[in-house]
Each structure stands twice: as structure tokens, then as C-alpha cells.
Amino acid sequence: MNKTNSLNEIAASLAGYDLQALRVELAQDFIHQLLPQPTDRETLPLRAALGRVLAADIVSPVQVPAHDNSAMDGYALRASDLNTQGETRLRVVGTSLAGAGAASPVGVGECQRIMTGALMPAGLDTVVPHEFTRMEDGWVLIPPGLLRAGDNRRLAGEDLALGSVALAAGRRLTPSDLGLLASLGLGQMQVWRRTRVAIMSTGDELRAVGTEAQAQPLPEGCLYDSNRHTLWAMLERLGMIEVIDLGLVPDQPEALRLAFERGAREADAIISSGGVSVGEADYTKRVMAELGEVLFWKIAMRPGRPMAIGKIRSGEREALLFGLPGNPVAVMVTFYAFVREALLRLSGARPEPLPMLRAASVKPLRKKAGRTEYQRGVLSRKSDGGWQVEITGNQGSGILSSMSQANGLVVLGHEQGDVASGEEVDVLPFEGLI
Ligand code: AMP
Ligand code: MG
């Protein structure tokens, strides 16, 4: 990963803003400035490239379709032979089948039986679908007023012109893209290598879940580490991340240092959870600050107020750091609000804004102006076809079941105050994220 501007240079651009209550949009902008460009490419076969990011424009080496061809089963004809006043009678000569070579020539006043995808015979420009015609002794009869020149004919290159950019660099390859690349005859392509992301959970109270965990009661005051699993899952869903699991790290300076240094050596980015809260009695923040350039923010959002952002170094190597809060819902919300798009960009992708739905809030919502709130909601269709959303019960940032019950996040912007019942709000459907 190549080096970028120093954190302090970029941080200077935030001077004058309230870093104890940083707006979500400002924090997002700042993070974008921190992101280096990807540098390593690899060539993959078509199917292995699904979800990966194109590292170069795909310029069409052919035209698609390669030749003019028929869009229907019917008869290929010359539009100039069509009788505008009465029925047209054309003599049928030969058949043009899909996959066959050039058809035999067709004279004036003649037509040719043609199948979908078959080459248009030279000189013919229009196809009449079979179901609109009648046959009489080797002649086809076509009613007047049915056709215009060029109807039911696909032109060579109408899908993709020779030399045009079929897919631009930065594209995350979708199912249709795989088909499109195949239609160009391309069986392999250049993509950016996977972005390596190291994840860790910090906190002495955490225990790892194991296959026999159900049988082992937790010691008093302890809880199972859930964050590493939600983080792993959200990263997997991005499609171009290689996850390095640094495990559970206790609140001990040496253990934290080793884990962060390993992350800096092996990964492009480190995501930790826990230990960044105000007044946190642990060593996480101190170790982060020692090993790199790190800013500790309080973001004007709920959940997810505290966050550490910066870079961690080990020798010549450095990795971006996203120090997320420990509460499980805050981890997911801050990941979607900041980390997801940053990792897509770091992976060479040009992310589109996430699609939001406007939905009527079933109940009134309490919302303080001056922070962005992400409430867990269940989207459903109203009888009139529009969307409505109902907040799941307890919105506490430790209530992970509120995420599992929800199918979207109600995003209430910085300026927004209380919401009346029936008022429309923005909802980020989880389907768009995963
Ligand atoms: P912290 O940000 O470290 O103060 O943690 C805030 C809350 O989140 C505490 O109740 C922690 O026990 C909890 N927490 C921290 N890390 C995890 C984790 N990995 N899995 C589940 N809960 C966590
Ligand atoms: Mg903690």
C-alpha cells in the first residue's frame, strides 16, 4: 500500500470544526482523504472475478452483436417492398437459421424465413414476426400498417460498439458484468488484489465462542465476543476482502502492541472494537497513539459516538486504523457509516451512494437535532403500495437483537428533530448493504 498525506496535514483541514461532536459527513470526508490508492493487480478467470474490482477499463475487442440479426422468428424482408395501402405478398426463398453462416441472396419482392438470432440476409432490413403473417402456396401475406423499416432487427454493435468502454475500472463485477465480459469473449480480467483487513476485539471481559461453548458457562462478569463475528461477516459480504483474524486481545499493553503491530505488517487496514470510549480504563487508546498517528473522535451520531481513526505503523509498513466502539450495534452502525465505503475505495472501487427508501414512520420518533441517528426498523409495504417503517423495540447500542429483528436502518439526519407518526423518513435497507 502506498503512503498518503500525513494524518496531521489532513487533520488541519478539520480545524475550526467541533471534534467533540464531529458531523458524520465531515468524518466521512476526512476518512476519504486518508485512503491510499491500491497498487497490486492480479488476473483472474471470469467466475473468480465476481464481486472483485476491475483494475483497468474493459475496452470492447469486438462488436456485440457481431452482425445484424433477427430479434424474432418470422420473415426477413425489404421495407421498400412493403405495400402501404393493402396486403403485401412476398415469395419465400430459403431459411436463415441461428448459428448458420450468411444466407443466400434474396431478390426484390422476395423474403426469407428467419429465426431469432439468425444473420439478416444481405439487403434485408426488417423482420415480420411469424404470428402476424399468413402463408399461401409459398407466399407470405402481411397486413398493411404493421411494420416500419428496421423493425425486429438487431443492429451489429447495438449492445457494445467495437472500441467502446464496456466496463470502467473501479467497477465491482456483478452477475450481468460476468455475462457481458463473456459476450465479449473475455475469459479472464485484471482486478485489484483483495484488501487485507485485520480484525480484533479488545476487552478483558470477552470470551471467544468455541464449538463447545454452550457447555461451558461464562465466568461472572464475562460475555462472548460477538463483534469479531459481525465484522467478519460484513467484510465477507463486501466480496473483495481478505480477513486476518487477530483474535481476542486482552487489555494488556504488550498484547495490544503485538496485535496492532501484526495488523500493520500484514494488513491494509485494522478494525478493532472496544476500548475507545471516553474515560475507558484500558490501554487500547494509549497503545494506538504510541504506534501511529491516531485521532480520537467523538462523532455526533447515535449509536457509535467514540471512534479512533488513523494509521498504525510497524517498521516500514502501515495500515489504516478504524478503532470502533465496543457496543455490538455501534460496531455495525459505524462499519456501515464509515468503514464500508472506505474499504471499497481502498479496494479500488468507485462506490455508488447507498440506495435509501422513503418510508412513513408508523410511530412518532424521538430525535435530538444536532446528531445523526441510526434506528433499527422493520420496513413493510402499506396497502397503497408505499413503504412504512416501524422501529424495533429497545434501541440501546448493546441490543444486537434489534439489528437481527430489523431489515433496515432508519437514518435521521443531523438537523432532523422529532418525527411525527406518518412522517416520511430515510431507510437504508440491509439488502442494499449485503
Ligand atoms: P467499550 O467500548 O470497550 O467500553 O465497550 C462497550 C461495551 O461493549 C461493553 O459493555 C463491552 O463489554 C461491550 N463489548 C466490547 N467488545 C465487545 C465484543 N467484542 N463483543 C461483544 N460486546 C463487546
Ligand atoms: Mg472495553
Side-chain angles (χ1 to χ4, degrees), residues 20-22 27 197-211 213-214 216-236 243-260 262-263 267 269-291 294-310 312 321-339 371 373-374 376 394-406:
Q20 297 305 298
L22 194 60
V197 179
I199 55 175
M200 70 171 97
S201 292
T202 70
D204 280 342
E205 74 280 29
L206 301 173
R207 293 293 177 271
V209 66
T211 46
Q214 280 87 344
Q216 294 169 1
L218 279 169
E220 202 172 53
C222 292
L223 66 150
Y224 291 118
D225 167 22
S226 60
N227 290 342
R228 248 175 339 123
H229 303 288
T230 44
L231 279 172
W232 174 86
M234 292 187 290
L235 291 167
E236 280 293 311
V243 180
I244 301 169
D245 192 342
L246 300 178
L248 263 181
V249 186
D251 274 332
Q252 293 161 11
E254 206 37 44
L256 287 162
R257 194 171 296 121
L258 283 173
F260 280 114
R262 184 176 155 210
I270 302 170
I271 307 177
S272 65
S273 72
V276 293
S277 311
V278 192
E280 185 80 24
D282 64 14
Y283 300 100
T284 313
K285 287 190 340 193
R286 202 201 303 165
V287 171
M288 285 175 175
E290 266 171 41
L291 294 179
V294 180
L295 298 177
F296 297 95
W297 281 344
K298 293 192 192 70
I299 301 185
M301 70 188 290
R302 189 176 153 137
R305 205 160 96 89
M307 191 163 108
I309 187 84
I312 297 284
L321 170 72
F322 298 96
L324 307 185
N327 274 310
V329 179
V331 166
M332 295 194 75
V333 166
T334 49
F335 181 91
Y336 288 135
F338 303 107
V339 185
R371 69 183 183 203
E373 283 192 19
Y374 300 84
R376 279 70 76 201
N394 188 333
Q395 295 292 303
S397 62
I399 308 292
L400 195 51
S401 58
S402 69
M403 285 298 273
S404 285
Q405 283 158 17

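Note that ligands are numbered from 1 as they come in the structure, with each ligand's atoms numbered from 1 the same way.
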With a 3.5 Å distance limit and no angle check, can you tell me whether Lys285 reaches the backbone of Ser277 through a side-chain donor-acceptor pair? yes

Check whether Asn227 reaches the backbone of Gly326 with its side chain - one donor and one acceptor, N or O, closer than 3.5 Å. yes

Between Arg228 and ligand 1, find which residue part has any heavy-atom pair under 4.0 Å and reply side chain, backbone, both or neither. neither

If you count every heavy atom of other residues, nucleotides or ligands that lies below 6.0 Å from Arg302 atom CZ, does the total exceed 12? no

Looking at Asp225 and Arg207, is any side-chain nitrogen of the basic one under 4.0 Å from a carboxylate oxygen of the acidic one? no

Results of side chain to side chain donor-acceptor pair (under 3.5 Å) for Glu236 - residues two or more places apart only: none

Using non-hydrogen atoms of the residue, decide whether Gly203 is closer than 4.0 angstrom to ligand 1. no

Using a strict 4.0 Å cut-off to heavy atoms of Tyr224, name the atoms of ligand 1 that fall inside it. 20 (N), 21 (C)

Contacts of Leu258 that satisfy side chain to side chain contact (heavy atoms under 4.5 Å, CB included) - sequence neighbours left out: Glu254

Any N or O on Gly326 sitting closer than 3.5 Å to an N or O of ligand 1? yes

Using only atom types and a distance under 3.5 Å, with no angle test, would you say the side chain of Asn394 pairs donor to acceptor with the backbone of Gly396? yes

Near Ser201 (heavy-atom distance under 4.0 Å), the atoms of ligand 1 are 19 (N)

Could a heavy atom of Gly398 be found less than 4.0 Å from some atom of ligand 1? no

Does Leu223, backbone or side chain, put an N or O under 3.5 Å from an N or O of ligand 1? no

Give the atoms of ligand 1, by number and element, whose distance to some non-hydrogen atom of Glu205 is under 4.0 Å. 11 (C), 12 (O)

Just going by heavy-atom distances, which of Gly221, Gly275, Ser397, Ser226 is nearest to atom 20 (N) of ligand 1? Ser226

Under 4.0 Å from one or more heavy atoms of Gly274, ligand 1 contributes atoms 2 (O), 3 (O)

Within a strict 4.5 Å, meaning less than it, do heavy atoms of the Gln20 and Trp297 side chains meet? no

Using a strict cut-off of 4.0 Å, indicate which atoms of ligand 1 neighbour a heavy atom of Ser277. 1 (P), 2 (O), 4 (O)

Show the atoms of ligand 1 that are less than 4.0 angstrom away from any heavy atom in Asp225. 18 (C), 19 (N), 20 (N)

